Participant: 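Let me give you the structure first, and then I'll get to my questions.
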Amino acid sequence: MIHVPREEYQTALGDLRADVLALGADVVDQLEAGLTALDTGDEALAREVIDADAAINDRYLALESDCVDLLALQQPVASDLRFVAASFKILTDLERVGDLATNLGEYALSADGESGDVDVDAIGADAVDQLETALAAYESGDPDACRAVAARDDDLDALCQRASEAVVRDLLERETGDDSWAAERVLDDVSRLLLTVRDLERVGDHAVNVAARTLYMLENDSELLY
Amino acid sequence: MSETEPVTNGTERPAETTAGETDERTREAWREYEFAGETKLAVEDLDVYYGDDHALKRVSMDIPEESVTALVGPSGCGKSTFLRCLNRMNDRIGTARIDGSVELDGQEVYQDGVDLVELRKQVGMVFQAPNPFPKSIRDNITYGPRQHGDIDTGLLARLTGRDDSEAADRLVERALRQAALWDEVEDRLDDNAMGLSGGQQQRLCLARCLAVDPEVILMDEPASALDPIATAKIEDLVEELAEEYTVVVVTHNMQQAARISDQTAVFLTGGELVEYDDTGKIFEDPESQRVEDYVSGKFG
């Protein structure tokens, strides 16, 4: 058995890993809650999502500070260094996903639950799955899963592209006549849907970032970074 | 090597191979690595025994010129033994037996007829504890060149009109400037060197080494007895010297190796050179799990 004398340091590394995963799990919960609020029009849930973002931001800042402390005080090298560097970057992506979940909450407050031909749930489920897979790869140290997340992102991008086109096509087909109030509502719906699709597409991009940093952490491999 | 891999952050490599197999692959990987610069010292299959103790085992490595090579490893791993082989300092140890080859600029160091004084002029050394001669600062610098006949400031020289004192002054200033000590001692060159601080004494020893125009400078823990400010000065000097000289440094301070060296050789207990590579590679992504554990502070 290898003797590990730097007990405090080892504990700090373990804590950081657990904290990043806990933040990731909470951000996934936020995302799912935002999608549910959007689907059901549950205003209370939407407000909960929006209000919870401040706590996510605080935890993100605290964990970023933990990374800086580890670098300054423990001077990690080799795989430990890559772990801290990767975690530092992954935290930023998780915080951004938290912001995107908040956006979903805000869209839910102003939406009427009508999304036309666009299956927001399916896109959302795909984005959530991407993020969960990337976090699982970080947890288990699975390089193949990292590459799979990156490969699958093209599918999500294509799904989002088709959805955006459907929204615009739907807009062109609608007839509102001289009813300016109706026209404004249509514009609101369209913008909200386009923003929702764009935000979910970005969740996929952040999931790829998490996977890319995880691959660097595991194999010192930068192939997924761009 | 443990049978159970340590669990810290999920980034350890799988333990599907034995330490021996892994190390053999590691060795093949790093021996294919080509360092920038021409080879200054080529070491091939070097074995050193102190009596029955096999202190260094089949060590092979090429040390490139005009760069800093760090040797790291736990106490007793053979890194200082290795360093002393490079200018045959081990010859002075009666029980030491050395097999293998060390070439300096393609010339075998371990062959009959090598002039050891000339070799040690070419391959100078700075030790862990500053060891100036109990003489003036000036005499510390001129001692070597005088021994080698490069300058002559003695009575006979003056009587015969071969007074080289001006050349000696130039040499003293050059060496002290190179060692970043000149500004601190220029007004007291005739003071006894023992009155200098530890950091100044160490830089004086470096200046003394530089005074004989070496090509390679070996340093055995040159900053371990110094405070952080004096250490920083030595580290800066090492990096500057590498523009002109080949520097090989033994250090226990891993961060120091990371800061100042271009390539790092990791020796582990038993006199093995386990990995030798670009310093960035050693500290960011070493091939060997044992090296990873050692540089991360996990000791087997």
Side-chain angles (χ1 to χ4, degrees), chain A residues 1-21 24 63 66-67 70-88 90 134-146 210 213-223, chain B residues 1-16 18-19 22 26 29-30 33 70 72-75 228 251-261 264 266 268-269 274-275 277-300:
Chain A
M1 185 72 190
I2 282 192
H3 173 54
V4 183
R6 299 171 69 189
E7 214 171 298
E8 199 181 318
Y9 168 53
Q10 297 303 330
T11 306
L13 289 176
D15 287 350
L16 175 63
R17 183 158 166 270
D19 290 344
V20 170
L21 286 167
L63 288 175
D66 287 350
C67 290
L70 265 168
L71 292 170
L73 305 178
Q74 300 289 351
Q75 295 154 11
V77 295
S79 65
D80 291 346
L81 174 65
R82 298 201 308 276
F83 162 69
V84 177
S87 300
F88 191 82
I90 286 170
L135 286 165
Y138 172 85
E139 182 172 21
S140 64
D142 181 351
D144 293 336
C146 295
V210 171
R213 297 293 167 183
T214 300
L215 188 63
Y216 159 75
M217 170 179 101
L218 296 171
E219 299 190 336
N220 195 30
D221 187 334
S222 305
E223 73 168 82
Chain B
M1 188 71 185
S2 70
E3 288 175 9
T4 313
E5 292 298 305
V7 176
T8 54
N9 55 29
T11 63
E12 290 78 16
R13 293 181 175 81
E16 80 277 18
T18 66
T22 308
T26 299
W30 62 251
Y33 187 84
V72 303
S75 294
T251 178
H252 274 128
N253 183 333
M254 225 74 73
Q255 293 303 320
Q256 182 173 69
R259 281 193 298 267
I260 64 174
S261 69
T264 297
V266 184
L268 292 179
T269 309
V274 180
E275 192 163 345
D277 214 322
D278 182 76
T279 295
K281 171 90 171 115
I282 293 285
F283 287 96
E284 284 168 38
D285 185 29
E287 293 288 330
S288 158
Q289 184 65 51
R290 292 163 73 201
V291 169
E292 163 104 28
D293 291 339
Y294 182 71
V295 298
S296 309
K298 301 164 203 155
F299 310 114

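Since the structure is predicted, the reported quantities are computational estimates derived from the model, not experimental observations. Numbers restart at 1 for each chain; the letters A, B, ... are given by sequence-line order, proteins then strands.
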Participant: Of the non-hydrogen atoms in V77(A) and V295(B), which two are nearest, and what is the gap between them?
Facilitator: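 Heavy atoms only, the tightest pair is CG2-O, 3.0 Å.
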
Participant: Which bit of E284(B) is near chain A, if near means a heavy-atom gap under 4.5 Å: side chain, backbone, both or neither?
Facilitator: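 Its backbone and side chain both get close to chain A.
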
Participant: Just jot down the side chain to side chain donor-acceptor pair (under 3.5 Å) partners of Q256(B), sequence neighbours excluded, or say none.
Facilitator: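 Per chain and number, Q256(B) pairs via side chain to side chain donor-acceptor pair (under 3.5 Å) with E235(B), T251(B).
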
Participant: Select one option (side chain, backbone, both, neither) describing which atoms of Q74(A) are under 4.5 Å from chain B's heavy atoms.
Facilitator: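 For Q74(A), neither part sits under 4.5 Å from chain B.
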
Participant: Taking E292(B) for the side chain and S79(A) for the main chain, is one N or O donor matched with an acceptor at less than 3.5 Å?
Facilitator: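 Here the side-chain-to-backbone pair exists.
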
Participant: Would you name the heavy atoms of D80(A) and S296(B) that are closest together and state the gap between them?
Facilitator: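 Of all heavy-atom pairs spanning D80(A) and S296(B), the closest is OD2-CB, 3.8 Å.
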
